[in-house]
Visitor: 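The structure that follows is given in the form of structure tokens.
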Number of protein chains: 2
Amino acid sequence: MAKSDVKLLGVWASPYVNRVQIALNVKSVDYEFVEERFLPKSELLLSFNPVHKKVPVFFYGDKTICESLVIAQYIDEEWTNGPSILPSDPCDRAVARFWAAYLDEKLFPAVRELLLAQEEEAKAVLIEKIVEGLALLEAAFVECSKGKAYFGGDSIGYLDIAFGSLLGWLKVVEIMADVKLLNEAKIPGLAEWAVRFSLNDVVKDVLPEPEKLIEYFKIFQARVEAAAKS
Amino acid sequence: MAKSDVKLLGVWASPYVNRVQIALNVKSVDYEFVEERFLPKSELLLSFNPVHKKVPVFFYGDKTICESLVIAQYIDEEWTNGPSILPSDPCDRAVARFWAAYLDEKLFPAVRELLLAQEEEAKAVLIEKIVEGLALLEAAFVECSKGKAYFGGDSIGYLDIAFGSLLGWLKVVEIMADVKLLNEAKIPGLAEWAVRFSLNDVVKDVLPEPEKLIEYFKIFQARVEAAAKS
């Protein structure tokens, strides 16, 4: 695959962008990463994702695909010769898609809201919500992994990518809110999976360090506040 | 397919449930429809969709699948001998999935909010949002249908099902808010498609009449209010 044919417009700190990077690594697809700037949004972003105006935007030749889970499925279906990302069994695929949708509807927004929350009471409610979500995902891990290393079985699959991309930000929340989320006693399967996932070759150079994310978050907040005032 | 093997727990008035019914009709799969009651939610619903506690819930043998778009894809992948629901080309599939996600994130919630809105100002904002969404979908129709009858080409596909299931409720909004949404002058492709879709054999006995939906909506509202007071 010629590198210039495959381009990813993204932000290194975005878990949604990290999903696409990991999916491309699973398939050993070489790509050019184009870093989207802080505000104002680039012309490239606005013209190729006018509906949501959000990264990631994925380019392959003359094709453009948006939305991280849609892109991950597209990569799986376009590069069929690499390892599979989605499970092969229709029911297993449905279960993986169900939980990936749950992440985007519930868990990711709760983590984002918690990072932006000011009131202690609101923070406590959100932490409770995240803890409940992680307990559900622990059960999903037991169901999907069937005793193997990953949600996808022996290797990293769709749900590993969908959830694992959040691990850096979960650690940020642990540090900033001083709370243990990936608790080995309560969710042992997920806690071990998280370590295994983060060290995997297709992941380790993609997932940002929590310290870098905290630094990014502070700059991001300051710029958003400045933009709101101007 | 033995009818007893395939069961759908749903509510006849739910566009999410209607999606599954249409997908099953596309595949000519016979099924048993189990009507979920008004509040309180049934034990069946609570035990088989404990995460969202929402219909539709789809049963096939010992398998249970939730979330309408996940179920529609599952049906396509499980019953491979019928007409395809998802397009065959990976990029076309991605485009269909992108717009289906847009419907669930933006258009469906806007229609729901509009039905429940009390203030005239809030209603006007939501109508504007829906009109903008329909303009985007008109462009998507031109892109996906490539001059053919449906988003899916010559026959009803994933995006037809995802969007078409809302048509009854769009008409309800047109009646209750006294506004023309499927405007032949502004969105001619969608306006014609909507008529064609509603009359299609796999759809016509599924999509409820707007009058019946209005009646349902009034009873639903009254029961929700009574439940909140009790």
Side-chain angles (χ1 to χ4, degrees), chain A residues 16 20 23 27 48-52 54 56-80 85-109 132-133 135-137 139-140 143 158-159, chain B residues 16 20 23 27 48-52 54 56-80 85-109 132-133 135-137 139-140 143 158-159:
Chain A
Y16 303 101
V20 180
K27 294 283 186 177
F48 284 98
N49 191 0
V51 176
H52 300 297
K54 281 181 184 165
V57 183
F58 183 71
F59 304 93
Y60 176 44
D62 59 354
K63 296 163 191 161
T64 309
I65 323 269
C66 302
E67 295 282 87
S68 65
L69 293 178
V70 174
I71 300 169
Q73 290 180 87
Y74 170 72
I75 290 168
D76 197 29
E77 293 170 357
E78 185 68 62
W79 284 276
T80 48
I85 291 175
L86 267 294
S88 57
D89 174 73
C91 185
D92 292 342
R93 292 162 78 91
V95 171
R97 286 189 179 120
F98 172 87
W99 285 111
Y102 171 82
L103 291 166
D104 278 12
E105 279 167 39
K106 310 274 179 176
L107 195 73
F108 277 54
E132 278 169 21
L136 289 173
L137 285 159
E143 183 190 355
Y158 187 63
L159 192 47
Chain B
Y16 302 102
V20 180
K27 294 283 184 177
F48 284 98
N49 191 0
V51 175
H52 299 298
K54 282 182 185 167
V57 182
F58 183 72
F59 304 92
Y60 177 43
D62 59 354
K63 295 163 191 162
T64 309
I65 323 267
C66 301
E67 294 282 86
S68 65
L69 294 178
V70 174
I71 301 170
Q73 290 179 87
Y74 170 72
I75 290 169
D76 197 30
E77 293 170 358
E78 185 67 61
W79 284 276
T80 48
I85 291 175
L86 267 293
S88 57
D89 174 73
C91 185
D92 293 341
R93 293 162 78 91
V95 172
R97 287 189 179 120
F98 172 86
W99 286 111
Y102 171 82
L103 291 166
D104 279 11
E105 278 166 39
K106 310 273 179 178
L107 196 73
F108 278 53
E132 279 170 21
L136 289 173
L137 285 159
E143 183 190 355
Y158 187 63
L159 193 46

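Throughout, a chain's letter reflects where its sequence line sits, starting with A, and its residues are numbered from 1.
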Visitor: In a check of side-chain contact (heavy atoms from CB on, under 4.5 Å) between B/R97 and each of A/I71, A/L69, A/V70, which one passes?
Guide: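 It is A/V70; the other options fail the test.
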Visitor: Using the side-chain contact (heavy atoms from CB on, under 4.5 Å) criterion, which residues pair with A/K106? Sequence neighbours excluded.
Guide: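 If we apply the side-chain contact (heavy atoms from CB on, under 4.5 Å) test to A/K106, skipping adjacent residues, the hits are A/Y102, B/H52.
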Visitor: Who are the side-chain contact (heavy atoms from CB on, under 4.5 Å) partners of B/D89, not counting sequence neighbours?
Guide: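 Partners of B/D89 by the side-chain contact (heavy atoms from CB on, under 4.5 Å) criterion, ordered by chain and then number, come out as B/C91, B/D92.
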Visitor: A/V51, A/I65, A/L136: which one forms the most heavy-atom pairs within less than 4.5 Å of chain B?
Guide: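 The residue among A/V51, A/I65, A/L136 with the greatest pair count is A/V51.
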Visitor: For A/E132, which atoms come within 4.5 Å of any heavy atom of chain B: side chain, backbone, both, or neither?
Guide: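 Nothing of A/E132, per the 4.5 Å heavy-atom cut-off to chain B.
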Visitor: At a heavy-atom distance under 4.5 Å, which candidate from B/Q73, B/E67, B/E78, B/K63 has the highest pair count against chain A?
Guide: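 Most heavy-atom pairs within the cutoff with chain A belong to B/Q73.
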Visitor: To the nearest 0.5 Å, what is the distance between CD (A/E77) and OG (B/S88)?
Guide: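 Between atom CD of A/E77 and atom OG of B/S88 there are 10.5 Å.
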Visitor: Just how far is it from atom CZ of A/F98 to atom CG of B/N49, taken to the nearest 0.5 Å?
Guide: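 If we round to the nearest 0.5 Å, A/F98:CZ and B/N49:CG are 5.5 Å apart.
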Visitor: Do you know the tightest heavy-atom contact between A/P90 and B/Y74?
Guide: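 Between these two residues, the closest heavy atoms are O-CD1, 3.5 Å.
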